[in-house]
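What follows is a single structure, written as structure tokens, with notes after it.
Numbered from 1 within each chain, the chains take letters A, B, ... in sequence-line order.
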Amino acid sequence: MLDPKLIRSDAQAIAERLKIKKYELDVAGFEALEERRKAIQVETETLQSERNARSKGIGKAKAAGEDIAPLIAEMDKMGAALEEKKAELKVLQDELNALLSGMPNIPDEEVPTGNDENDNVEVAVWGEPTTFDFEVKDHVALGEGLGKLDFETASKLTGSRFVLMRGALAKLHRALAQFMLDTHTETNGYEELYLPYIVNDESLYGTGQLPKFAEDLFKLHADREFYLIPTAEVPATNIVRNEIVEEAELPLQFVCHTPCFRSEAGSYGRDVRGMIRQHQFDKVELVQVVKPEDSDAALETLTSHAEGILQALELPYRKVMLCGGDLGFSAVKTYDLEVWLPGQQAYREISSCSNTRDFQARRMQARYRDQASGKPALVHTLNGSGLAVGRTMIAVLENYQQEDGSIKVPEALKSYMGNIDVIR
RNA sequence: GGUGAGGUGGCCGAGUGGUCGAAGGCGCACGCCUGGAAAGUGUGUAACGGGAAACCGUUCGAGGGUUCGAAUCCCUCCCUCACCGCCA
């Protein structure tokens with residue numbers, strides 16, 4: 001959530017900045033609503049103040065042994081008037097809250113304008129697209145050729161956009177997650193977490209998936225508002241929800257490997273082939289909770305941690321800065337890492353690293369105690385994939401393929417793969 | 001799943017209808033004391049919203065209700081702890 005004070009002070013300027021993100025703020029409407037809210041709030045609070053004063057007076061009178069009946073009679077009308085104002089105020093506040101909680105974060109000054117992923121700006125390229133002296137296959141052909149990637153059976157078990165992995169590919173998938181976790185904990189200083197895969201609606205509100213993006217989520221059929229996590233960012237970031245963290249404890253650096261569940265509503269025609277876009281996929285997620293002055297630098301290091309995995313696996317990739325139109329709801333700035341996929345002759349997203357500054361923190365009321373002032377202040381939160389495990393496996397299959405359809409095992413993974421050299 | 005006990009400030013903990021945003025303690029901050037420290041001692045110390053400020057309002061797990069007035073009474077839900085049952 002944006003700082004309401006900021007919007008009140010200059011709604012027009014905020015509206016301009018949000019246009020970069022394709023969000024149209026009705027400035028006049030907002031200001032009218034806000035003006036009414038303020039007026040009603042003042043009236044309500046005046047009534048409340050009077051009621052409190054009089055009630056206190058009744059208490060005193062009673063303690064002094066006076067007759068309080070006439071005083072109570074005097075209060076008769078007040079109650080009704082107050083209730084009315086309160087109800088009126090609540091309607092306005094709900095309306096404002098709905099508006100506020102649906103407003104995206106303001107992009108950083110550096111973020112380029114643009115409509116979609118085609119307008120993202122390449123900031124770095126690592127490695128060269130892998131070349132082959134034979135005709136390359138995509139991961140579907142490779143995986144099915146090995147008899148270890150089975151989409152048909154998965155669709156029997158569940159439906160489309162699921163996959164069944166077998167044998168060495170199931171192991172490769174596990175090895176990748178293992179390798180990522182070990183790297184982030186042992187060399188990058190993250191604390192490993194095991195987290196719930198089901199979260200409540202408050203957590204999803206905290207990180208910004210709700211109320212606006214409910215259709216992207218799998219909701220459980222339960223008495224409570226429970227959802228499958230669309231990313232470990234949700235539980236990992238919400239650890240600090242409604243907490244005041246001591247300044248000395250920052251930064252918090254969490255890493256965890258979880259499945260992620262996304263309904264992929266609205267992407268029916270996209271990436272229907274293979275396991276690029278699934279309803280269930282594994283991801284190793286990095287989350288950092290930092291002091292405000294550290295968050296810009298933290299985005300760079302967090303992104304470099306994700307890049308480190310690609311480099312260790314010797315997978316060619318490029319780093320792009322998302323343009324305004326492609327930027328997520330909560331983010332002020334996002335780097336996507338796109339790995340080279342020979343089967344598609346294209347770079348495809350494998351990691352997304354974002355700084356949300358205080359946007360999620362405000363929704364979550366996640367704060368730290370500032371030593372200098374002694375006052376609580378909002379933390380900044382960041383998250384990034386380090387990396388998407390399924391897509392990393394696709395990249396390994398396609399970049400390490402051999403003419404006979406077998407897959408070389410990347411050097412960094414050998415110890416995790418029982419020291420075999422090739423998957424066949 | 002059953003039974004019982006609880007959820008109060010950064011933490012512990014008192015408070016069962018009225019000068020309670022809340023005793024006391026810990027912690028923390030600043031001072032006194034000291035060569036310096038510990039101990040001792042004094043003062044201060046919740047968050048959020050509105051406001052330039054004075055000040056006003058809200059908040060005692062969450063949401064409803066009763067009342068002139070609710071931390072305190074009633075209802076629903078959530079969570080924690082203990083014991084029993086069941087289970088990986």
Side-chain angles (χ1 to χ4, degrees), chain A residues 1-11 30-31 33-101 194 196-206 210 220 222-227 235 238-250 252 289 291 358 360-379:
Chain A
M1 195 160 77
L2 296 173
D3 186 351
K5 282 182 199 159
L6 199 65
I7 309 172
R8 278 183 217 130
S9 68
D10 197 353
F30 173 82
E31 284 175 345
L33 195 58
E34 179 57 27
E35 208 167 301
R36 273 174 63 213
R37 190 225 95 225
K38 195 177 249 179
I40 301 296
Q41 182 166 334
V42 169
E43 287 178 46
T44 308
E45 290 187 356
T46 306
L47 281 173
Q48 280 181 149
S49 170
E50 196 182 332
R51 181 206 64 189
N52 289 349
R54 290 209 199 182
S55 287
K56 203 168 254 186
I58 292 175
K60 281 188 198 173
K62 195 184 176 188
E66 295 168 24
D67 179 20
I68 57 171
L71 293 172
I72 290 176
E74 240 177 81
M75 299 280 286
D76 250 13
K77 277 183 220 151
M78 274 209 64
L82 180 57
E83 284 313 307
E84 216 171 283
K85 281 292 169 209
K86 268 187 172 171
E88 203 178 329
L89 181 62
K90 189 176 185 316
V91 170
L92 288 168
Q93 276 173 335
D94 286 351
E95 214 172 312
L96 270 168
N97 272 341
L99 190 65
L100 240 33
S101 61
Y194 173 84
Y197 303 156
I198 295 172
V199 291
N200 59 32
D201 52 340
E202 289 161 282
S203 292
L204 287 158
Y205 177 83
L210 289 179
L220 265 47
D223 296 338
R224 316 264 303 276
E225 288 272 319
F226 281 164
Y227 298 81
N238 273 278
I239 287 172
V240 291
R241 172 154 55 90
N242 292 330
E243 299 289 337
I244 299 175
V245 183
E246 287 307 320
E247 185 177 330
E249 290 175 45
L250 298 177
L252 300 175
V289 178
K291 288 190 273 181
D358 62 8
Q360 293 180 327
R362 186 171 294 106
R363 293 168 87 94
M364 293 191 297
Q365 281 305 299
R367 293 167 293 173
Y368 74 103
R369 192 168 295 280
D370 181 69
Q371 283 303 313
S373 67
K375 294 284 180 192
L378 294 171
V379 296

* Between B/G9 and B/A47, how far is it from one P atom to the other, in whole Å? -> 13 Å
* Once you round it to whole Å, what is the distance between C1' of B/A47 and CG of A/Asp370? -> 16 Å
* Asked: Taking the side chain as C-beta and beyond, is there a heavy-atom pair between A/Asn200 and A/Phe226 under 4.5 Å?
  -> yes
* May I ask you to test the A/Leu92-A/Leu33 pair for a side-chain heavy-atom distance under 4.5 Å? => yes
* How is A/Arg362 classified with respect to the nucleic acid when contacts are heavy atoms under 4.0 Å: base, sugar-phosphate, or nothing? -> nothing
* To do: Using a cut-off of strictly less than 4.0 Å, decide whether A/Arg369 has a side-chain nitrogen or oxygen near OP1 or OP2 of B/C28.
  => no
* From B/G10, B/C48, B/U19, nucleotide with atom closest to A/Ile244 side chain -> B/G10
* Asked: Want to know the stems of RNA chain B: at least 3 consecutive Watson-Crick or G-U pairs with distances under 3.5 Å, which are they?
  -> B:1-7 with B:78-84, B:10-12 with B:24-26, B:27-32 with B:40-45, B:46-50 with B:55-59, B:61-65 with B:73-77
* Asked: Quick one: on RNA chain B, does A/Pro4 or A/Ile72 contact a more 5' nucleotide (nearest heavy atom)?
  -> A/Pro4
* **Nearest atoms (heavy-atom pairs only) where A/Ile68 meets A/Lys62** => CG2-N, 3.8 Å
* Using atom CD of A/Gln93 as one end and atom P of B/C48 as the other, report the distance to the nearest whole Å. => 17 Å
* Which atom names give the shortest non-hydrogen contact between A/Ser203 and A/Asn238, and what distance separates them? -> O-ND2, 2.8 Å
* Taking atom C1' in both B/C30 and B/A23, compute the distance separating them and give it to the nearest angstrom. => 24 Å
* Rounded to whole angstrom units, what separation is found between the CZ atom of A/Arg367 and the P atom of B/A47? -> 8 Å
* Structure fact -> Residues of residues 42-55 of chain A with a heavy atom under 4.0 Å from any atom of RNA chain B, listed by number, are A/Glu45, A/Gln48, A/Ser49, A/Arg51, A/Asn52, A/Ser55
* Dump the intermediate steps for side chain to side chain contact (heavy atoms under 4.5 Å, CB included) on A/Leu71 and A/Arg54, then the final yes or no. => CA-CA 8 Å; A/Leu71 293 172; A/Arg54 290 209 199 182; over 6 Å; no
* Round to a whole Å and report the spacing from CG of A/Asp67 to C1' of B/C68. => 14 Å
* **Proximity to the side chain of A/Lys56 - top-ranked nucleotide from B/C48, B/C68, B/U19** => B/U19
* Distance between the C1' atoms of B/A88 and B/A82, in whole angstroms? -> 23 Å
* When you compare B/C12 with B/U80, how far apart are their P atoms, in angstrom units rounded to a whole number? -> 16 Å
* A/Val379 side chain near A/Leu252 side chain, heavy-atom distance below 4.5 Å -> no
* To do: Indicate, with a heavy-atom threshold strictly under 4.0 Å, whether A/Lys5 touches base, sugar-phosphate, or nothing.
  => sugar-phosphate
* When rounded to the nearest Å, what value does the distance between P atoms of B/U34 and B/A29 take? -> 22 Å
* Between A/Lys375 and A/Arg224, which is nearer to the 5' end of RNA chain B once each is assigned its nearest nucleotide? -> A/Lys375
* Quick one: A/Leu71 CG to B/C68 C1', roughly how many Å, whole number? -> 9 Å
* Structure fact -> Minimal heavy-atom distance between A/Val240 and A/Ala366, with the atoms involved, is O-CB, 3.3 Å
* **Smallest separation among heavy atoms of A/Thr44 and A/Leu82, with atom names** => O-CD1, 3.8 Å
* Whole-angstrom distance between B/U59 and B/U76, as gauged at atom P -> 23 Å
* To do: Measure the distance from CD on A/Glu246 to P on B/A29 and round it to the nearest whole Å.
  => 11 Å
* Asked: Would you say A/Val245 and A/Val289 make side-chain contact, with heavy atoms under 4.5 Å?
  -> no
* Base, sugar-phosphate, or nothing: which does A/Pro376 touch, judged by heavy atoms less than 4.0 Å apart? -> sugar-phosphate
* side chain to side chain contact (heavy atoms under 4.5 Å, CB included) assessment of A/Met75 paired with A/Ile58 -> CA-CA 10 Å; A/Met75 299 280 286; A/Ile58 292 175; 4.1 Å; yes
* Asked: What interatomic distance, in whole Å, is found between P of B/C20 and the corresponding atom of B/G35?
  -> 44 Å
* To do: Compare the minimum distances between each of B/C68, B/G51, B/G49 and the side chain of A/Lys38, then state the nucleotide with the smallest one.
  => B/G51
* Asked: Expressed in angstrom and rounded to an integer, what is the separation of A/Gln365 atom CD from B/G49 atom P?
  -> 8 Å
* Rounded off to whole Å, could you give me the CG-to-C1' distance for the A/Asn97 and B/U58 pair? => 14 Å
* Considering only the P atoms, how many Å lie between B/U58 and B/C75, rounded to the nearest integer? -> 26 Å
* Asked: Should A/Ser49 and A/Thr46 count as side-chain neighbours, where that means a heavy-atom distance under 4.5 Å?
  -> no
